[in-house]
Every structure is written in C-alpha cells, then in structure tokens.
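Only one structure is covered here, and it is reproduced in the block below.
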Amino acid sequence: MDEALYLSYKAIAIFKNAAAEIAPLAEFLCARDRVRRIELCARIFGDVYASGSSTTGEWIRKAVERDGNAFSRAAACGERIPDRIKAQIHAELLTFKRLSLVRPEDVCGDDADIAPKFVCGGFSLTYDKLVRFYAAESFGKFSHGSAFVYRNGALSPVFAEPIRLADLKNYAEEKAEIVKNTENFLNGLPAFHTLLYGDRGTGKSSTVRAIAYEFRDRLKTIELGKNDIRELPALYAELRGLKQKFVLFVDDLGFDESDGGADELKAALEGSLDSGAPNAILYCTSNRRHLIKETDKSWARSAEDERQAELALFDRFGLVVTYLNPSRDEFIDILKQIMRSRGMKWRDEYAQIAELSALKKGGRSPRAAKQIADLIESTYVEKRGE
C-alpha cells in the first residue's frame, strides 16, 4: 500500500467531485483482500472505458475538467486566484498524476494475470492548462460540449444535431437575420432576444438548431422546456460572469395567463438587473402570435384589453422573424432543391404528387416538402446513373 499517496488523495479539498469519481483507483491502493483488489481493478477498467478514455490519466483529466467548484468557476470568469489556492491546486494535480501511474500489477501481485489490464499514465494537466481550459470551455457541467438540455433544474449535455443552414431551403432573408443577430451577440455588439414566429413546419426550430451547430465553437446552446422557464433566474445566476456566450432556446413557446413562467420570461426580456445575464440571449419559437392565452373572459374586460394582454409578451422580443408557408411555386422549388441535394432526378409528375400530398398533410411547408421527398425517394425515384 502506498499510504502517502492515499493520504494525499484524502487531502484533496478543491477537486472533491473528481476525487469521488476516481475513488475506486484510490481504494485500489489500500485493498488488502484479494477479491476486493480484483473487484476494484475491474471497476477501474470499466469506468475508464465508459468515460471514453484509453488510460487512467485521460479518465482523471476529464473528471478534473468537469469538476464544478469555486476555483473552476473563478477561472472560467477570469477572476484572480489567491496564491494559497494556486498552491493547493498544484498539490492536487500532482496527486492526480501520481494516481494515474498506478498499475494493476503494482497492487494485484500474483493475481495480476486475472485482473483486467487497465492502461495507466497520460495525465498531463498543469495549473496553466487548466485555467486556459476553463476560460475557453467554461467549468463543471458546461465544460464538455456545446449543446445542453435543461430539465427540472438539471443540465445534461446532448449531441448537437449536425444540421446546417444550407440544409434549410429558401427563407434566405429570415436565416440572414438570425445569423446577423448571432454574430452581433458573439462580437459584443447590440443583439436582441429573438422570437421566430410563424406557420408550422417552416423551419423555425431547425434554424435555431443549425445556428447551434454552425457556431458550436463559439457558442453554447441550452434548450429549456416551457415548464423550466420559471427556473430562468437560477440558470442566469449560473451563467452570469462566465466568458462563454449562451443561447437559451425555448421551442413552441406559449402560456396560459395563470402560468407563472410567463412572468419570469417577461423579466428576462426586459433585462432587469437580477433576472438576466449579458452573456446569454433568448431564442424562442412559436406558432402563436398571442403567446399568453387569456383565461379571464369576464364582462369587465374589453376585447382591446384582452388583445393587449395577449400580445404583451410578443412585443417584448427585440427581434421577431416571421416564417410563412411557401406559395405553390416556392413549395415546388423547395422540393426540387431537396431532391437535387439527394442526387434525385426531377420529373414533372412529381409536382402533382407533391400538391396532393401537401393537401393531405394540411398545407404546404418545408417540412411537408421533406416528407414528400422521402416518399418519392422510396417509391418513385429514378436516381442519377441508374
């Protein structure tokens, strides 16, 4: 047993979350029972593999990088780090490095042939590298990835869908407005909370997701459910002061008058000091102009009062980009572009198929065009070269 190394591990005070994550490796050092040693060795092997790492050093590095603590937040915000904290960080990183060098055969002895062979080494984090990482990627749960889902107060990383603006046919002016607003936001210029409003299936949500993917190296996107909007103040508190830029995305926005989340959204859109963050901007989509559905229909309220109440939230967005269903010619043009991008030949009879299918689907839209292209590809298509 390396008692000195184990005591150093137990003395970790800053990266406590990372220390807890790699606890099997530390406990492996002092396991006296043969069965326990083999069990811990198998646990380490499995944890390294599950983390997507090839060595224990890489596994430990990832745990340290995503450890949300007072130091990682301060570094992400560019704050000055006291010398005594720096000294503790240096000591803890040295402990992590020494732990990364522990080999299965060092502990298992005669049972080394039975124990799973995890690969040791590969921990190269230094204080300076870590500070640069937090400044560039943020800290804790925000540090690994560019796309997240916020549900019930918990943030989870998700895979950013590889959709590009070029994949969304037509709507050039609408997309250009969103791109310009996003670039202004990233460059520190005036930018606006934005509502993408209009007909169903016109690509509003896809536009935001394309922005999230194309700007993923400079922008982090957090999608909130409608029921999580009331958590905006808490989320803003976490984001405030970080160097990274965030888009908070709410899809299919709409409230009843009694819904408290509407008040939180109003406060965020108005930019009150305690409800927003200068490094976060809201992008919302809706099919409804009346975002707050009026429930009080008493005689005392006039139609004008109801209309003003229902539009109150809509009017608070600094930028509203409207997506309308395409005309017949535009619809056919979108379908042709989709087919061309798939290497499919156009036939005149496809126009009639498209019109009939669009009627069955309730109208023309880019979403309907994509579904019709899928139908043609699977049923009628004649591909180039065939």
Side-chain angles (χ1 to χ4, degrees), residues 12-19 21 60-97 123-148 150 153-157 160 181-193 211-212 214-224 231-249 267-268 271-283:
I12 290 175
I14 304 295
F15 294 103
K16 291 184 288 186
N17 296 323
E21 191 170 336
I60 297 170
R61 174 183 62 78
K62 290 178 179 178
V64 170
E65 287 176 344
R66 64 173 171 263
D67 191 326
N69 56 64
F71 162 70
S72 59
R73 179 176 181 85
C77 293
E79 298 175 8
R80 181 185 176 278
I81 309 299
D83 289 341
R84 61 188 178 83
I85 302 300
K86 287 183 182 179
Q88 180 65 25
I89 300 298
H90 282 295
E92 294 186 11
L93 291 178
L94 178 59
T95 297
F96 285 128
K97 184 175 182 64
F123 185 84
S124 59
L125 266 186
T126 64
Y127 175 85
D128 291 338
K129 286 181 179 179
L130 199 52
V131 169
R132 288 196 296 270
F133 173 84
Y134 290 137
E137 300 295 336
S138 193
F139 78 106
K141 51 197 171 187
F142 299 117
S143 63
H144 284 271
S146 63
F148 306 86
Y150 191 86
L155 192 79
S156 303
N181 195 61
T182 305
E183 289 176 338
N184 285 347
F185 175 57
L186 290 171
N187 293 327
L189 298 172
F192 302 101
H193 297 304
I211 290 288
E214 295 206 3
F215 289 90
R216 64 193 180 281
D217 293 336
R218 304 168 58 198
L219 185 70
K220 294 180 184 289
T221 303
I222 302 174
E223 182 172 354
L224 292 84
E231 301 297 327
L232 269 175
L235 182 56
Y236 275 132
E238 289 193 70
L239 301 181
R240 203 174 293 131
L242 300 179
K243 292 180 176 295
Q244 294 73 35
K245 302 278 190 174
F246 294 84
V247 161
L248 306 184
F249 173 40
S272 55
L273 292 176
D274 61 345
S275 63
N279 61 329
I281 197 168
L282 279 159
Y283 280 3

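- Taking CZ of Arg61 as the start and CG of Leu130 as the end, the distance is 10.5 Å to the nearest 0.5 Å.
- A distance of 10.0 Å separates OG1 of Thr182 from CZ of Arg218, quoted to the nearest 0.5 Å.
- Distance alone, capped at 3.5 Å, places no donor-acceptor pair between the Glu21 side chain and the Lys16 backbone.
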Give the intermediate values and the outcome of side-chain contact (heavy atoms from CB on, under 4.5 Å) for residues Ile281 and Asn181. CA-CA 10 Å; Ile281 197 168; Asn181 195 61; 3.8 Å; yes

Please determine whether side-chain contact (heavy atoms from CB on, under 4.5 Å) holds for the pair Arg132 and Asp128, giving the CA-CA distance in whole Å, both sets of side-chain angles, and the decisive distance to 0.1 Å. CA-CA 6 Å; Arg132 288 196 296 270; Asp128 291 338; 3.8 Å; yes

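- The side-chain heavy atoms of Asn69 and Phe139, taken from C-beta on, include no pair separated by under 4.5 Å.
- Here the straight-line distance linking atom SG of Cys77 with atom CG of Leu239 works out to 10.0 Å at 0.5 Å rounding.
- At least one donor-acceptor pair under 3.5 Å links the side chain of Arg73 to the backbone N or O of Glu238.
- In this structure, Ile89 CD1 and Ile12 CD1 are separated by 10.0 Å, a value rounded to the nearest 0.5 Å.
- Using a 4.5 Å heavy-atom threshold, the side chains of Glu183 and Phe215 count as touching.
- A side-chain contact (heavy atoms from CB on, under 4.5 Å) with Leu248 is found for exactly one of Tyr236, Tyr150, Tyr283, namely Tyr236.
- Residues Ile211 and Thr221 have side chains not in contact (no heavy-atom distance under 4.5 Å, counting atoms from C-beta outward).
- The aromatic rings of Phe15 and Phe71 stand perpendicular to each other, their planes meeting at an angle above 60°, with 30° marking the opposite boundary.
- Note that the CZ atom of Phe123 and the CG atom of Leu94 stand 9.5 Å from one another [nearest 0.5 Å].
- Here the side chain of Asn184 pairs no donor or acceptor atom with the backbone of Ala191 at under 3.5 angstrom.
- The aromatic rings of Phe246 and Phe142 sit perpendicular to each other, their planes meeting at more than 60°, with 30° as the lower class boundary.
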Please assess Glu137 against Lys220 for the test side-chain contact (heavy atoms from CB on, under 4.5 Å), listing each intermediate value before the final yes or no. CA-CA 9 Å; Glu137 300 295 336; Lys220 294 180 184 289; 3.7 Å; yes

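- Checked by atom type and distance alone, the side chain of Ser72 never pairs as donor or acceptor with a backbone atom of Gly140 at under 3.5 Å.
- Side-chain atoms of Glu92 come within 3.5 Å of backbone atoms of Ile14 as a donor-acceptor pair (strictly under, hydrogens ignored).
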